[in-house]
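Note that this is a predicted model, so its numbers are computed, not measured.
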Amino acid sequence: MPMQHWFTDAKLGIFVHWGIYAVDGVQESWSFYDDIVPHDRYMSQLERFTGARYDPREWADLFARAGARYAVLTTRHHDGVALWDTEFGDLSLGKDYIGPYAEALREKDLKVGFYYSHSDWNHPDYATTRKPGRPPEQEDNRYSECAAEDEDLAAWERFIAYRDGQIRELASRYRPDLMWFDGEWDRSEEQWRIPELAALIRSYNPDVVFNARMLSEGDYATPEQGAPIEPPSGPWELCLTINDSWGYQHQDHNHKSLTQLVRYFTETIGGGGNLLLDVGPMEDGTIPQPQVERLEGLGEWIAKHAEAVYGTVRGLPAGHHYGPSTLSADGRTLYLTLFDIPRAEIGVRGLATPVRKVTVLGTGTDLAHRVVGGLHEAVGVLWIDPPAETDLDPHATVLAVELDGELELYRGAGRF
């Protein structure tokens, strides 16, 4: 299916990791899986979770101010605790947090995304089989697998029926625009019944978008935490935490600066991707203030430079400009991002299309420019006068380079 245009033009999404793990501020699911927190202690958070200040309209308003075009909420993590009143399985928060979230996003014209883990380390029928080809000498984790001689395929069928029941509830009730799956490593595509799962969801929304953890049915790549040096060739999204944790953890105050987040964002969209920036609300539903401040700051930067963000495609390949760039959809305006204060002229190499005008985005100041050198088919270097100090943005300055025609690049080695 063709990729949905809304996704490739969204540029920014907000990831929301919210669940019972926010009560004690422990790592979501993995803390009991890896025996860091006793299982009974982890699950006791279910009774202590309140959601007392959960206000999805406040969330949606913040996400819109941040410049996001979609959000993805953890409907069920690997711990199996559902954030809606599911009729399948024994673990839920006892009320529907998903419906109000979906409604609030749509009121702000934001696309609705759901995170759902293929894995459920608390379901009694989950640890009843193994991924094919897994070496028998590898140690079994009691929450996710069993020894080969103890496999119970009937129990696995019950788990798939439970999984399908929950997915049918989410798809039929809320019609998500995006399904963000996780936990795919635990089993094979055949065991997950991936084509059948995709067909089930598409029966309710034929235009739904899947991340790559839907394996053969995935629509886009999902690098996590590490910004790719060489961006994927097709649609993609970098999921990134604001601090070091996905969910709320009391002791984690290592928040990335706004300048760092602007760099991540511009490098990601310059490579043709979206940034899915994560927040971890506290157990009462309140998003921590340092995360609110960074979303608001990023939104202010995006609003000032919206022309270089929305309606653009990936920019110049590495080597043409020392920084990220984007290109207008018609190929006639190039947007160059400058991270640091220029100490001299800004050079752009290999630009074969003549330049009509260069301005500082956000202030409109014209910058003088000239082409120096070049021989035969090898083009010269475009040199742009550096902006004045008053034209510089404190986080990243963007120059709009208007071209006399569609962008053409010289990628050769010149005359030997």
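- In summary, K357 and D404 do not engage in a salt bridge, as defined by a charged side-chain N under 4.0 Å from a carboxylate O.
- Salt bridge annotation for D340-R263: present, with a cationic side-chain nitrogen under 4.0 angstrom from a carboxylate oxygen.
- In this structure, OG1 on T259 lies 9.0 Å from CG on L261, to the nearest 0.5 angstrom.
- Salt bridge annotation for K95-D85: absent, with no cationic side-chain nitrogen under 4.0 angstrom from a carboxylate oxygen.
- Side-chain contact of R349 with H321: a donor-acceptor pair under 3.5 Å is absent, judged by distance alone.
- Under 4.0 Å is where a charged nitrogen must lie from a carboxylate oxygen, and between D61 and K108 at least one such pair does.
- Checked by atom type, the side-chain pair S117/D182 shows no donor-acceptor distance below 3.5 Å.
- Screening F7, Y70, F15 for a ring pair (Phe, Tyr, Trp, His ring centres under 6.0 Å) involving W180 leaves a single residue, F15.
- Ionic pairing of E190 and K131 is not present here: no N-O contact between side-chain nitrogen and carboxylate oxygen is shorter than 4.0 angstrom.
- Classification of the W121-F32 ring pair by plane angle, with boundaries at 30° and 60°, yields perpendicular.
- If you run ring pair (Phe, Tyr, Trp, His ring centres under 6.0 Å) between F49 and each of Y42, W18, Y21, only W18 comes through.
- Annotation: Y162 is not in aromatic contact with F88 [ring centroid separation under 6.0 Å not met].
- Residue A396 comes nearest to T337 through the heavy atom pair CB-CG2, 3.9 Å, listed as atom of the first residue, atom of the second, then distance.
- Under 3.5 Å, the side chains of D177 and W6 contain no donor-acceptor pair of N or O atoms.
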For side-chain hydrogen bond (donor to acceptor under 3.5 Å, both in side chains), just list the numbers for Y174 and D96, CA-CA rounded to whole Å, side-chain angles, deciding distance to a tenth of an Å, and then say yes or no.
CA-CA 11 Å; Y174 314 114; D96 182 14; 2.9 Å; yes

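- By the 30° and 60° cut-offs, the orientation of the rings of H255 relative to H253 is tilted.
- Inspection of the T286 and D284 side chains reveals an N or O donor paired with an N or O acceptor under 3.5 Å.
- The heavy-atom pair separating T8 from N274 by the smallest distance is O-OD1, 4.1 Å.
- A donor-acceptor contact closer than 3.5 angstrom links the side chains of S328 and D330.
- Among all heavy-atom pairs drawn from W246 and H17, the shortest one is O-CB, 3.4 Å.
- For the residue pair H77/Y115, the side-chain donor-acceptor check at 3.5 Å is satisfied.
- Salt bridge absent: R53 and E58 never bring a charged side-chain N and a carboxylate O closer than 4.0 Å.
- Between the side chains of E283 and T50, at least one donor N or O lies within less than 3.5 Å of an accepting N or O.
- Between F63 and W59, the two ring planes are tilted [angle within 30° to 60°].
- Ring to ring, H118 and W192 are close: their centroids are under 6.0 angstrom apart.
- Side-chain polar atoms of D79 and Y33 form no donor-acceptor pair below 3.5 angstrom.
- The two residues S216 and I194 have their closest heavy-atom pair at OG-CG2, 4.3 Å.
- Taken from CZ in F159 to CG in D125, the straight-line distance is 9.0 Å, to the nearest 0.5 Å.
- Defined by atom type and a distance below 3.5 Å, a donor-acceptor pair is missing between the side-chain atoms of E406 and T353.
- Contact between R175 and R106 at its shortest, heavy atoms only, is O-NH2, 2.6 Å.
- Note that R173 lies outside the cation-pi zone of Y204, set by a 6.0 Å cut-off to the ring centre and a 45° limit from the axis.
- The nearest pair of heavy atoms linking D391 to T397 is O-CG2, 4.0 Å.
- Ion pairing between a basic and an acidic side chain is recognised when a charged N comes within 4.0 Å of a carboxylate O; R57 and E107 show such pairing.
- Residues N122 and H39 bring a donor and an acceptor atom of their side chains to less than 3.5 Å of each other.
- Using modelled atom types, one finds a donor on one side chain and an acceptor on the other under 3.5 Å when comparing D244 with N254.
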